Protein chains: 2
Amino acid sequence: MEKVETGRTRKKRNTRQKAVVYQVVLDSNDHPTAEKVYERARRELPNISLGTVYRVLKELSQEGKIKEIIVNKQSHFEGRTDFHHHFICRACGKIEDVETPLCRYTCKKVEQKGYVVEDIEYKFYGLCSKCAQKLGKE
Amino acid sequence: MEKVETGRTRKKRNTRQKAVVYQVVLDSNDHPTAEKVYERARRELPNISLGTVYRVLKELSQEGKIKEIIVNKQSHFEGRTDFHHHFICRACGKIEDVETPLCRYTCKKVEQKGYVVEDIEYKFYGLCSKCAQKLGKE
DNA sequence: TATTAAATAATAACTGTTCCTTTTAAAAAA
DNA sequence: TTTTTTAAAAGGAACAGTTATTATTTAATA
Ligand SMILES: [Mn+2]
Ligand SMILES: [Mn+2]
Ligand SMILES: [Zn+2]
Ligand SMILES: [Zn+2]
């Protein structure tokens, strides 16, 4: 590998912070906020800063290694990166995965307008089974 | 009409501010933010305050007279209250209505889990036809 | 091991929104 | 009509989540 120095020799460092934040997201299945990730990362790395958590989360999202979903104007993160959607309980706030097939008919309709669809996001709001039961019998 | 004074005699005032904010939303078809509504309302009512705009918008939403949609962690408002969805252009930021039939199959899947679905929100992200053309030929 | 710049910790700044206090004015009462 | 009552408004401070700044640390290279 020559080092002819044509242009930049990009350096990307592998830091403990990045590894830990990534692992925390992979280990979480509850779509944690940045704050929650921070809290969990600190158990491993007590001096990590919130700013670093935010920066690393953004970076990982851009690299496509994690996914960001926004609920109530707050970012939440998850390690699942395949196509799926979410149900949000208005009572307990829980965010749960929903498996739905991509609705071809719906997409077609959008594309017919000349739009280029790059991402699709379905959100279902209501009561999760637990909360529905609880509220049902009160 | 007796005034036996059993319980409260609820008073709801009809203010110029509320009427103007509502009219502005009805007259807009671009899903304006609170700030934009404020800007437009001020043309009619120069002393209206941003706080009032926020409060009235929330009130109207709760009354079901307008709808709030959240894009990029910001509230946007619209006078259309029937079931429809949105396309958001990543280039120009425009939010456009998308007519899609309620996907029964998808809802069934969610309800099978015991969830009570109260609201459904589909968002499509990408390039609107104008931006797609513009970016395509560069 | 010394060098070097990417990434970090700490903290200030920012932004959309909500909250608080005083004032105003819509509508009920006189 | 005029007075009284009090819901709603104005103005501004506070707040929360996030981003930007900067001096310091540290991973990677030689
Ligand atoms: Mn998920
Ligand atoms: Mn719409
Ligand atoms: Zn629940
Ligand atoms: Zn566009």
Side-chain angles (χ1 to χ4, degrees), chain A residues 1-5 7-22 24-25 31-39 41-63 65-66 68-77 93 95, chain B residues 1-25 31-42 44-63 65-66 68-77 93 95:
Chain A
M1 206 167 284
E2 287 295 56
K3 49 165 181 175
V4 190
E5 218 54 36
R8 301 286 88 74
T9 320
R10 279 259 143 261
K11 247 194 237 179
K12 264 268 179 185
R13 280 163 44 174
N14 267 336
T15 64
R16 196 134 160 54
Q17 285 86 344
K18 189 167 180 184
V20 168
V21 166
Y22 186 30
V24 163
V25 175
H31 307 86
T33 59
E35 193 75 39
K36 267 265 173 296
V37 172
Y38 173 52
E39 198 180 302
R42 271 206 295 188
R43 301 208 275 252
E44 192 74 15
L45 231 57
N47 287 324
I48 194 171
S49 74
L50 182 57
T52 294
V53 170
Y54 271 105
R55 185 172 24 70
V56 169
L57 287 172
K58 181 177 287 175
E59 208 177 297
L60 290 168
S61 298
Q62 284 164 349
E63 291 170 8
K65 292 192 184 167
I66 67 174
E68 176 180 9
I69 83 160
I70 295 169
V71 175
N72 293 325
K73 299 185 182 174
Q74 259 207 95
S75 291
H76 293 247
F77 301 87
I95 301 170
Chain B
M1 206 165 286
E2 288 294 57
K3 49 168 177 173
V4 191
E5 219 52 39
T6 61
R8 299 288 88 74
T9 321
R10 276 260 142 258
K11 244 194 239 179
K12 262 270 177 184
R13 282 164 43 176
N14 265 339
T15 64
R16 198 137 159 49
Q17 286 85 345
K18 189 167 179 182
V20 168
V21 166
Y22 186 30
Q23 198 55 55
V24 163
V25 175
H31 306 85
T33 60
E35 193 75 40
K36 268 263 174 297
V37 172
Y38 173 52
E39 197 180 302
R40 290 170 194 175
R42 273 206 295 188
E44 192 75 16
L45 229 56
N47 287 324
I48 195 171
S49 74
L50 182 56
T52 294
V53 171
Y54 270 103
R55 186 170 23 70
V56 169
L57 286 172
K58 181 179 288 178
E59 208 177 297
L60 291 168
S61 298
Q62 283 164 350
E63 291 169 9
K65 292 192 183 165
I66 66 173
E68 176 181 10
I69 83 161
I70 295 168
V71 176
N72 292 326
K73 297 186 183 173
Q74 260 207 96
S75 291
H76 294 247
F77 300 88
I95 300 170

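Predicted model only: the values in this text are computed from it and were never measured.
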Distances under 3.5 Å only, N/O to N/O: pair up the protein atoms with those of nucleotides 19-24 of chain D.
none

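- Of all non-hydrogen atoms in I70(A) and S75(A), the two that sit nearest each other are CG1-OG, 4.2 Å.
- Among residues two or more places apart in sequence or in another chain, the side-chain contact (heavy atoms from CB on, under 4.5 Å) test is passed with Y38(A) by E35(A), R42(A), I48(A), L50(A), V53(A).
- Of all non-hydrogen atoms in F77(B) and S61(B), the two that sit nearest each other are CE2-OG, 4.0 Å.
- Across its full length, the helix from dT1(C)-dA30(D) to dA30(C)-dT1(D) shows an angle of 20° between the axes of its 5 terminal pairs at either end, rounded to 10 degrees.
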Got a list of protein N/O to nucleotides 22-24 of chain C N/O distances below 3.5 Å?
none

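- For K11(A), counting side-chain heavy atoms from C-beta on, the closest listed nucleotide (dA5(C), dA10(C), dA27(C)) is dA5(C).
- Between the CD atom of E68(B) and the C1' atom of dT18(C) there is a distance of 13 Å, given to the nearest Å.
- Here the C1' atom of nucleotide dA26(C) and the CZ atom of R16(B) are 14 Å apart, to the nearest Å.
- We find that CD of E44(A) is positioned 16 Å from P of dT8(C), with the value rounded to whole Å.
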Verdict with supporting geometry, R16(B) and L45(B), side-chain contact (heavy atoms from CB on, under 4.5 Å): CA-CA 8 Å; R16(B) 198 137 159 49; L45(B) 229 56; 3.7 Å; yes
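- Distances from the side chain of S49(A) to the nucleotides dA9(C), dA10(D), dT18(D) place dA9(C) closest.
- Using a 4.0 Å heavy-atom distance criterion, T33(B) is classed as making no nucleic acid contact.
- As rounded to whole Å, 14 Å separates atom P of dT29(D) from atom NZ of K12(A).
- Nearest nucleotide to the I48(A) side chain, out of dA9(D), dA9(C), dA7(C): dA9(C).
- Look at CG on L45(B): it is 10 Å from P on dA9(D), rounded to the nearest Å.
- K36(A) has its side chain within reach of E39(A): a pair of non-hydrogen atoms, C-beta onward, lies under 4.5 Å apart.
- Remark: T15(A) is not in phosphate contact with dA6(C), judged by side-chain N or O atoms under 4.0 Å from OP1 or OP2.
- Applying the side-chain contact (heavy atoms from CB on, under 4.5 Å) test to L60(A) and every residue at least two apart in sequence or in another chain returns K18(A), V21(A), Y22(A), V56(A), E63(A), K65(A), I66(A).
- The side chain of N14(B) approaches dA27(C) more closely than any other nucleotide in the set dA27(C), dT18(D), dA9(C).
- What separates OH of Y38(A) from C1' of dA10(C) is a distance of 10 Å, to the nearest Å.
- Distances shorter than 4.0 Å separate some side-chain N or O of Q17(B) from OP1 or OP2 on dA10(D).
- Separating the CD atom of E59(A) from the P atom of dT18(D) is a distance of 17 Å, rounded to the nearest angstrom.
- Atom CZ in R55(B) sits roughly 13 Å away from atom P in dG11(D) (whole-Å rounding).
- Residues satisfying the side-chain contact (heavy atoms from CB on, under 4.5 Å) criterion with I69(A), sequence neighbours excluded, are H31(A), V71(A), H76(A), E78(A), H86(A), I95(A).
- Other residues, nucleotides and ligands contribute at most 12 non-hydrogen atoms within 6.0 Å of the CD atom of E44(B).
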